[in-house]
Undergrad: 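First the structure, which I've put down as structure tokens, then a few questions once you've had a look.
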Amino acid sequence: MDWHKLWSWDPIAPLPSCGGLPLHRAMLHRLLQWFFHPLDAAPPATLLIRLMAGGVFFWEGVMKFVFPHTLGVGRFLKLGIPAPEFMAPFVGVMEIVGGTLFIVGLFTRLAALPLLIDMVVAIASTKIPLLLGTSPLPPPPVPPQVGFWAVLHEIRSDDAQLLCSLFLLLVGAGPWALDALLARRRRSARTQERQESRCLKAPSSLVRNYLSVN
């Protein structure tokens, strides 16, 4: 196995220019480039955001299987989410996988998309009923237990996860991530390919001179 090619695996081959592509294909290519080839523009401290958001998603996903009656299928059933027997494990696996990708910084922008949808659904299904006083879940243990102030108090962790995921979608994983490592490997591989290409295109006279000397 060619380990160099494995580490430099490139899901979307970069193009030097999209001028020769139709408009829709050029836009699609730029979008895929944005997802699969994030620039190292984010600061190294982005690692802290990844660890926080990824850790919470990971353990919330695990607990959907460890405590199915209160955090998994049972919770989804109370909230009226369709097909709770399927959706609870599906969301649990998505949070485990997405949280792990956040932690290691692999396909970070791509992982942020389903996790953003996950948080929007969680806020809509739990905080709107809490605001209206129709939540089927047990109320908070202490006041405020319903209404506007209760939502502000209970939504703080959802807000943090939502905004952290949005941050990682916009800026990427930062330099201390597998995304950045793979990007460096790809740049190194492309540099090596260009050097080999220039060597192959050397003037034939130089080749003849080299052969005559040797």
Undergrad: Start with the C-alpha distance between T70 and R75, add both sets of side-chain angles, then the distance that settles side chain to side chain contact (heavy atoms under 4.5 Å, CB included), and finish with yes or no.
TA: CA-CA 5 Å; T70 55; R75 182 181 178 89; over 6 Å; no

Undergrad: Which pair of non-hydrogen atoms, one from T46 and one from G172, has the smallest distance, and what is that distance?
TA: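 Residues T46 and G172, closest heavy atoms: CG2-O, 3.7 Å.
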
Undergrad: When you group the ILVMFWY residues by side-chain heavy-atom contacts below 4.5 Å and let the links chain together, are L116 and V120 in the same group?
TA: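 Yes, V120 connects to L116 through the hydrophobic network.
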
Undergrad: Would a single hydrophobic cluster contain both I81 and V73, if residues Ile, Leu, Val, Met, Phe, Trp and Tyr are joined by side-chain heavy-atom contacts under 4.5 Å?
TA: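 No, no single cluster joins them.
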
Undergrad: For the atom pair CG (L101) and CZ (F107), what is the distance rounded to the nearest 0.5 Å?
TA: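 If I round to the nearest 0.5 Å, the distance is 8.0 Å.
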
Undergrad: Would you mind writing out the side-chain donor-acceptor pairs for residues 142-153 within the sub-3.5 Å range, not counting sequence neighbours?
TA:
from	atom 1	to	atom 2	distance (Å)
Q145	NE2	P140	O	2.8
H153	NE2	R156	NH1	3.4

Undergrad: Which pairs would a plain distance check flag for residues 159-169, meaning a side-chain donor or acceptor within less than 3.5 Å of a matching protein atom at least two apart in sequence or in another chain?
TA:
from	atom 1	to	atom 2	distance (Å)
Q161	NE2	A53	O	3.2
S165	OG	Q161	O	2.8

Undergrad: Quick one: side chains of residues 84-96, donor-acceptor pairs under 3.5 Å with protein atoms, not counting sequence neighbours, listed by atom name and distance.
TA:
from	atom 1	to	atom 2	distance (Å)
E95	OE1	G61	N	3.3
E95	OE1	K64	NZ	3.0

Undergrad: Does I155 share a hydrophobic cluster with L71, counting links as ILVMFWY side-chain heavy atoms below 4.5 Å and allowing steps through other members?
TA: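 In one cluster with I155: L71, yes.
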
Undergrad: Determine the minimum heavy-atom distance between A177 and G105, stating which atoms define it.
TA: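 Here A177 and G105 meet closest at CB-O, 3.6 Å.
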
Undergrad: Give me the atom names and distance for the closest heavy-atom approach of A180 to P175.
TA: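 Residues A180 and P175, closest heavy atoms: CB-O, 3.4 Å.
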
Undergrad: Taking atom CG of D179 and atom CZ of R184, what is their separation to the nearest 0.5 Å?
TA: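 Answer rounded to 0.5 Å: 10.5 Å.
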
Undergrad: What distance separates L178 CG from R185 CZ, expressed to the nearest 0.5 Å?
TA: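 The CZ atom of R185 is 11.0 Å from CG of L178, to the nearest 0.5 Å.
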
Undergrad: Do M119 and M63 belong together in a cluster built from hydrophobic side chains that touch within less than 4.5 Å?
TA: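 Yes, same cluster.
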
Undergrad: Let me confirm one number: the CG-CG distance from L106 to L182, rounded to the nearest 0.5 Å.
TA: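 Here the interatomic distance stands at 6.5 Å.
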
Undergrad: Can you tell me how far apart CD1 (I103) and OG1 (T108) are? Round to the nearest 0.5 Å.
TA: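 Separation between the atoms: 11.0 Å.
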
Undergrad: Which pairs pass side-chain hydrogen bond (donor to acceptor under 3.5 Å, both in side chains) with one or both residues in residues 119-140, sequence neighbours excluded?
TA: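 Qualifying pairs, neighbours excluded: K127-D158.
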
Undergrad: Tell me whether L115 is reachable from V56 by hopping between hydrophobic residues (I, L, V, M, F, W, Y) whose side-chain heavy atoms are closer than 4.5 Å.
TA: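 Looking at the clustering, L115 is in a separate group from V56.
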
Undergrad: I need the full list of salt bridge (Lys or Arg N to Asp or Glu O under 4.0 Å) pairs touching residues 46-62, with sequence neighbours left out, sorted by first then second residue.
TA: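 Listed by first then second residue: nothing to list.
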
Undergrad: Please list all pairs passing the ring pair (Phe, Tyr, Trp, His ring centres under 6.0 Å) test where one or both residues lie in residues 55-83, with sequence neighbours left out.
TA: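 Qualifying pairs, neighbours excluded: none.
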
